[in-house]
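For reference, the structure discussed in these notes is given below.
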Amino acid sequence: VPDDIVKLEKDISTLRKKKESVIAKQKFEEPEENKSFFRGEKKVKVTCVAWPEVKTNLKKFEDFIYDANNRIFKYDIVKITDDHFVNVNYYDTENPNYHWHMDGTKLDQRYDIKLTCILNISTEKYEGGNLVLYNIPDNINDIIKEKFSQPGYALLFTSNHFHKVESVTKGSRRSLSYWALGPLWR
């Protein structure tokens, strides 16, 4: 496991413990009118972490996002700033998966999500928990399965692409998600 991933996981674990008492007191159910077919059933623990709390550990990830966008996607994306956040996702046998969904913003936003950016921050081996992209050739999903299951690997894809996380069958899978924003789609 790369040292920077181990340090990031320790820092996030400390932050999570501080926030768990607050999170446990807040039970949030999204109003039915805000739900859509774009969001699948989510069986995963998620901790929202402010960018300033983790940005020193994520410099390589940030550079990767900008580099991949410039080389491949060429979207107009905004700079990552201190008012942005990441989600830390904890999958295990009790919270095993996230069904088919696509990432998106609410209709009244100033920006749209352009790219979904995911970093594997698992520090222990796990089984299952494969990230699968819809309507992608099997050999590409096999490469994602092989590479992305390793700590420190990152994957970017357009946010309007359906994807899911299959059930974790043993151990725990941890990932960090960031959504690169840009001007509204036209």
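We're numbering straight along the sequence, starting at 1.
Side-chain contact between Thr47 and Val49: present, with at least one pair of heavy atoms (C-beta onward) separated by less than 4.5 Å. Residues Trp100 and Phe162 have side chains in contact (heavy-atom distance under 4.5 Å, counting atoms from C-beta outward). Here the side chains of Val44 and Val165 are not in contact, with every heavy-atom distance at 4.5 Å or above. At a threshold of 4.5 Å between non-hydrogen side-chain atoms, the residues Tyr91 and Tyr126 do not count as touching. Looking at heavy atoms from C-beta onward, Asp63 lies out of side-chain contact with Phe61 at the 4.5 angstrom threshold. Annotation: side chain of Asn120 is not in contact with side chain of Ser175 (no heavy-atom distance under 4.5 Å). Looking at Leu131 and Leu155, their side chains come closer than 4.5 Å, going by heavy atoms from C-beta outward.
With hydrogens and angles left out, the side-chain atoms of Glu166 and Asn130 include a donor and acceptor closer than 3.5 Å. Between the side chains of Asp103 and Thr116, at least one donor-acceptor pair of N or O atoms lies under 3.5 Å. In the model, Ser177 has a side-chain atom that pairs as donor or acceptor with a side-chain atom of Asn89 under 3.5 Å. A donor atom on one side chain and an acceptor atom on the other are found under 3.5 Å apart for Tyr178 and His84.
The environment of Asp82 atom CG is dense: over 12 non-hydrogen atoms of other residues, nucleotides or ligands sit within 6.0 angstrom. Other residues, nucleotides and ligands place more than 12 heavy atoms under 6.0 Å from the NZ atom of Lys164. Summarising the local packing, CZ of Phe148 is surrounded by more than 12 heavy atoms from other residues, nucleotides or ligands at distances under 6.0 Å. Under a cut-off of 6.0 angstrom, the local environment of CD in Gln150 is crowded, with over 12 non-hydrogen atoms contributed by other residues, nucleotides or ligands.
Taking the six-membered ring for Trp and thresholds of 30 and 60 degrees, Phe157 and His161 have ring planes more than 60 degrees apart, a perpendicular arrangement.
Interatomic distance, CD of Glu62 versus CG of Asp67, reported as 12.5 Å (0.5 Å rounding). To the nearest 0.5 Å, the span separating CG on Leu115 from CG on Asn160 amounts to 10.0 Å. To the nearest 0.5 Å, the span separating SG on Cys48 from CG on Asn87 amounts to 5.5 Å. The CD1 atom of Ile113 lies 11.5 Å from the CE atom of Met102; values are rounded to the nearest 0.5 Å. The structure places CG of Asn97 at 3.5 Å from OG of Ser167, a figure rounded to the nearest 0.5 Å. Note that NE2 of His163 is 10.0 Å distant from OG1 of Thr158, once rounded to the nearest 0.5 Å.
Remark: side-chain polar atoms of Asn141 are paired, donor with acceptor, to backbone N or O of Leu133 under 3.5 angstrom. Without hydrogens or angle criteria, Asn70 side chain to Tyr66 main chain gives a donor-acceptor distance under 3.5 Å. A donor-acceptor pair under 3.5 Å links the side-chain atoms of His101 to the main chain of His99, judged by distance alone.
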Applying side-chain contact (heavy atoms from CB on, under 4.5 Å), run through Trp51 and Thr81 and close with a yes or a no. CA-CA 7 Å; Trp51 182 256; Thr81 62; over 6 Å; no
Determine whether Leu181 and Ile77 satisfy the following criterion, side-chain contact (heavy atoms from CB on, under 4.5 Å), listing intermediate values before the conclusion. CA-CA 5 Å; Leu181 305 172; Ile77 60 174; over 6 Å; no
Would Val54 and Val86 count as a side-chain contact (heavy atoms from CB on, under 4.5 Å) here? Give the steps. CA-CA 9 Å; Val54 292; Val86 297; 4.1 Å; yes
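The minimum heavy-atom distance linking Ser172 with Ser122 is given by the pair O-OG, 4.1 Å. Taking all atoms of both residues into account, the shortest heavy-atom contact from Gly152 to Leu119 is O-CD1, 3.5 Å.
Classification of Arg173 and Asp92 as a salt-bridged pair fails, no side-chain N sitting under 4.0 Å from a carboxylate O.
Annotation: cation-pi pair Lys114/Trp185 present, NZ/CZ under 6.0 Å from the ring centroid and within 45° of its normal.
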